[in-house]
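Below, chains carry the letters A, B, ... as their sequence lines are ordered, and counting in each starts from 1.
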Amino acid sequence: MNKADHELLKGIKKGDVALFEALFKELYAPLCGYANKMLQNKEQAEELVQEIFYKFWMDRDKILIHTSVKSYFYKAVYNLCLKFIEHKNVVINYQNQVMAQQHESYKPEDAMQYSEMYKIYKDTLKRLPNRCRKVFQLSRNYNLKYYEIAEKLSISIKTVEAEMGKALKAFRQNLNQYHIID
Amino acid sequence: MKNTDNQAIGQWAALWMNMEQAELKSNSLDNDANESFSGYKYTLKILDVMQEIEQFDTDKAWKKVLNTINSDNQKNTIQNGNKFIKPAKFWLVAASVAFILGISVFMLWSRNNTMQYAINESNTVKVVKLPDGSSVYLNTNAQLSYKIQHFNTKTRTVMLSGEAFFEVEPNPQKPFIVESGKAIIKVLGTSFNVKNSETKVEIAVQTGKVGVFANSALNHDVMLVAGDAAVVMDNGTIEKSMNTNDNFISWLNHKLVFKAQPLAQVIMDIENTYHCKIELADSLSSVQKITTTFNNASIDDVITSISVAFNLKVERSGNNYKLIPIN
C-alpha cells in the first residue's frame, strides 16, 4: 500500500467523513460502470456499490488492505457481482450460468483503470472550449444529428463537424493509451 | 489546414456513429477511411464506456449512503458510552440527560430544520420575507419552501414551484440558490423572476448577475445579466436569450407595455397579470396589433381601453370576459 492510501485509510479509520466522501466521489461512478457491465442492470449495480461503501465505513476499524484502496473496491465489486449472479443462477439457472462464465473475464485488475480514465475524460471535457463541448455533448449525450446541432446553436454544419473533430482529437490523445474490456 | 482536418474527423464520426446505431459493420466503409480513422474508432468505444459511467449520479448516491450512515450512528452513540459507569446506572443517567437535552435541542432544531412552506392560493401577490432579509413575491399558486437552518450554512437555499420574483439581499460570502424544476439558479445579490411550468423553467433578470445551472449530469451553465433571460428545459438543456418580454413582472407591478403586440399576445399578458379569463369571439382576428401602456390600471380600465381601441363589446361574468366585435 502506498503512502497516500495509508494516510487515507488512517483518516477514515479515525472517522474522517470528508476523506470518505472524496473517496466515494472518485470511485462511485466508475465502480457502478464496472458492476453494470457484469450485472447488466443499472439499479442493481448502484445498490451493490452503495452497499460496499456502506459496509466499508461501518467496518472501517477492522478492514485490512494489502494492495491498494482502489483495488480493494474493484475486487469487492467483482466478488459481490459474482455472488449476486450465482444467486440469480440458482433461481434462473442455465442461461445465466453461461453468462456468469463470460463475466468471469471482467477481471477487477482490468476494470481498475476505469477510475483514472473517467477522471481524465471529465477533465478533458471540462477543458474543451465552450462551443466544442456543447457540440460534443449534444451529439453524444443527446444523440442529436449534426444538422440539428447546427440549427440549435445557429452555426454551420461544417463548424459542427470541425468542433466534433476537435473534441474527438482531444479525447483520442488523452484516452487511447488505455485498455478497455470488451 | 487544421480545420479541414477536424472537419474530416467529424464527418467520419457522424458516419460511424450512424452505422453503429444501425448495427452495420465497418466493412461498408471504404478501406482508406477505415485505416486512417481506426484510432478514432477506439476513442468512440472508450467514450461509450465513459458515458455509461457518466449516467450514474454520484451526488445523489452519496446523500443516500450518508443518510444511512447517519441514522445508524444515532442508534449507536448511546451504546458506545462511558465504560466506567455501571450499565444500570449508566442507562438511568444517559436516559435522563438524553431526555432533557433531546427536548431542548429538538425544539430549537425542529424550528430550524423543518421545512417552511409559503403557498399563495390567492389572486393577489404574497410577499415572503426570508431570514436573511431577502424578499420573495409569490404569484398565484406559487410555492416556496426552505429551512431556516439553510440560512446559517454556506449558502442560502430555497425551492420554488410556480412563479416568483426575488429581491436578494447582497451577501458575497453566502450565495443565494433557487432550486426550481431542473434549474439551479445561483446569485449573490440581485433581483430576478423565475417561472416554473410543467416542462420548463424560465428565468429573467431585472438587476445584477445570475448564474443558471441545469440539474443534470451535464455541466451546462450560463451567466445572465440584467435584460437577459434563459429557459431550462426538462431534459437539462439551457437556452439563453435577450429578454424581449417587457411584461415579465407585470403580475407583480401591474405595469403593461405593448409595442405593436398582436391582440392574442396582449390578451395572454392581461390574463397572466390579472388572473382572469378573456375569450375572443371567433370572428375576431387575433393578429391585429396594438401599442399602449398601462400603469397600475384596474382590470376594468384595461379591458375598456382594449375594447375601445378595437371597437369591441365586453360581456363579463365574474372573472371571465368575452370580447365581441360591434358591427
Side chain to side chain contact (heavy atoms under 4.5 Å, CB included) for Leu47(B) and Phe136(A)? Distances and angles first, verdict last. CA-CA 11 Å; Leu47(B) 286 173; Phe136(A) 174 79; 3.8 Å; yes
Rounded to the nearest 0.5 Å, what separation is found between the [atom1] atom of [X] and the [atom2] atom of [Y]?
{"X": "Leu144(A)", "Y": "Thr237(B)", "atom1": "CG", "atom2": "OG1", "answer": "9.0 Å"}
{"X": "Asn67(B)", "Y": "Tyr54(A)", "atom1": "CG", "atom2": "OH", "answer": "12.0 Å"}
{"X": "Lys41(B)", "Y": "Asn176(A)", "atom1": "NZ", "atom2": "CG", "answer": "12.5 Å"}
{"X": "Cys32(A)", "Y": "Gln55(B)", "atom1": "SG", "atom2": "CD", "answer": "11.0 Å"}
{"X": "Lys45(B)", "Y": "Leu175(A)", "atom1": "NZ", "atom2": "CG", "answer": "14.5 Å"}
{"X": "Ile9(B)", "Y": "Glu163(A)", "atom1": "CD1", "atom2": "CD", "answer": "12.5 Å"}

Check [X] against [Y] and note the closest heavy-atom contact, atom names and distance.
{"X": "Ile46(B)", "Y": "Tyr178(A)", "result": "CD1-O, 4.3 Å"}
{"X": "Glu46(A)", "Y": "Ala61(B)", "result": "OE1-CB, 4.5 Å"}
{"X": "Ala29(A)", "Y": "Phe56(B)", "result": "O-CD1, 3.9 Å"}

Heavy-atom check, side chain of [X] versus side chain of [Y], under 4.5 Å:
{"X": "Val17(A)", "Y": "Leu66(B)", "result": "yes"}
{"X": "Asn6(B)", "Y": "Glu161(A)", "result": "no"}
{"X": "Lys169(A)", "Y": "Asp5(B)", "result": "yes"}

Full working for side chain to side chain contact (heavy atoms under 4.5 Å, CB included) between Leu168(A) and Leu44(B): CA-CA 8 Å; Leu168(A) 289 177; Leu44(B) 286 177; 3.7 Å; yes
Proximal component of [X], with respect to chain B [non-hydrogen, under 4.5 Å]:
{"X": "Thr159(A)", "answer": "neither"}
{"X": "Phe171(A)", "answer": "both"}
{"X": "Val160(A)", "answer": "neither"}
{"X": "Tyr146(A)", "answer": "side chain"}
{"X": "Asn130(A)", "answer": "neither"}

Given side chain to side chain donor-acceptor pair (under 3.5 Å), test Tyr121(A) with Glu54(B) step by step and report yes or no. CA-CA 10 Å; Tyr121(A) 162 74; Glu54(B) 203 175 23; 3.0 Å; yes
How are the rings of Trp62(B) and Phe24(A) set relative to one another: parallel (under 30°), tilted (30 to 60°) or perpendicular (over 60°)?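 If you compare the ring of Trp62(B) with that of Phe24(A), the planes turn out tilted.
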Which is it for Trp57(A) and Val65(B) under the side chain to side chain contact (heavy atoms under 4.5 Å, CB included) test, yes or no, and what are the steps along the way? CA-CA 10 Å; Trp57(A) 177 258; Val65(B) 170; over 6 Å; no
So does Glu52(B) pair up with Lys42(A), basic N to acidic O under 4.0 Å?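 Not counted as a salt bridge, because no side-chain N and carboxylate O are separated by less than 4.0 Å.
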In terms of heavy-atom contacts, does [atom1] of [X] have more than 12 from other residues, nucleotides or ligands at under 6.0 Å?
{"X": "Lys259(B)", "atom1": "NZ", "value": "no"}
{"X": "Lys174(B)", "atom1": "NZ", "value": "yes"}
{"X": "Lys55(A)", "atom1": "NZ", "value": "no"}
{"X": "Glu109(A)", "atom1": "CD", "value": "yes"}

Pairs where residues 22-34 of chain A contributes a residue and the test salt bridge (charged side-chain N to carboxylate O under 4.0 Å, His left out) is met, not counting sequence neighbours: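 Matches after skipping sequence neighbours: Glu21(A)-Lys25(A), Lys25(A)-Asp59(B).
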Specify which of Met164(A), Lys152(A), Gln50(A) makes the most heavy-atom pairs with chain B at under 4.5 Å.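 Looking at each option in turn, the highest pair count goes to Gln50(A).
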Worked check of side chain to side chain contact (heavy atoms under 4.5 Å, CB included) between Met50(B) and Leu125(A): CA-CA 11 Å; Met50(B) 292 302 112; Leu125(A) 191 67; over 6 Å; no
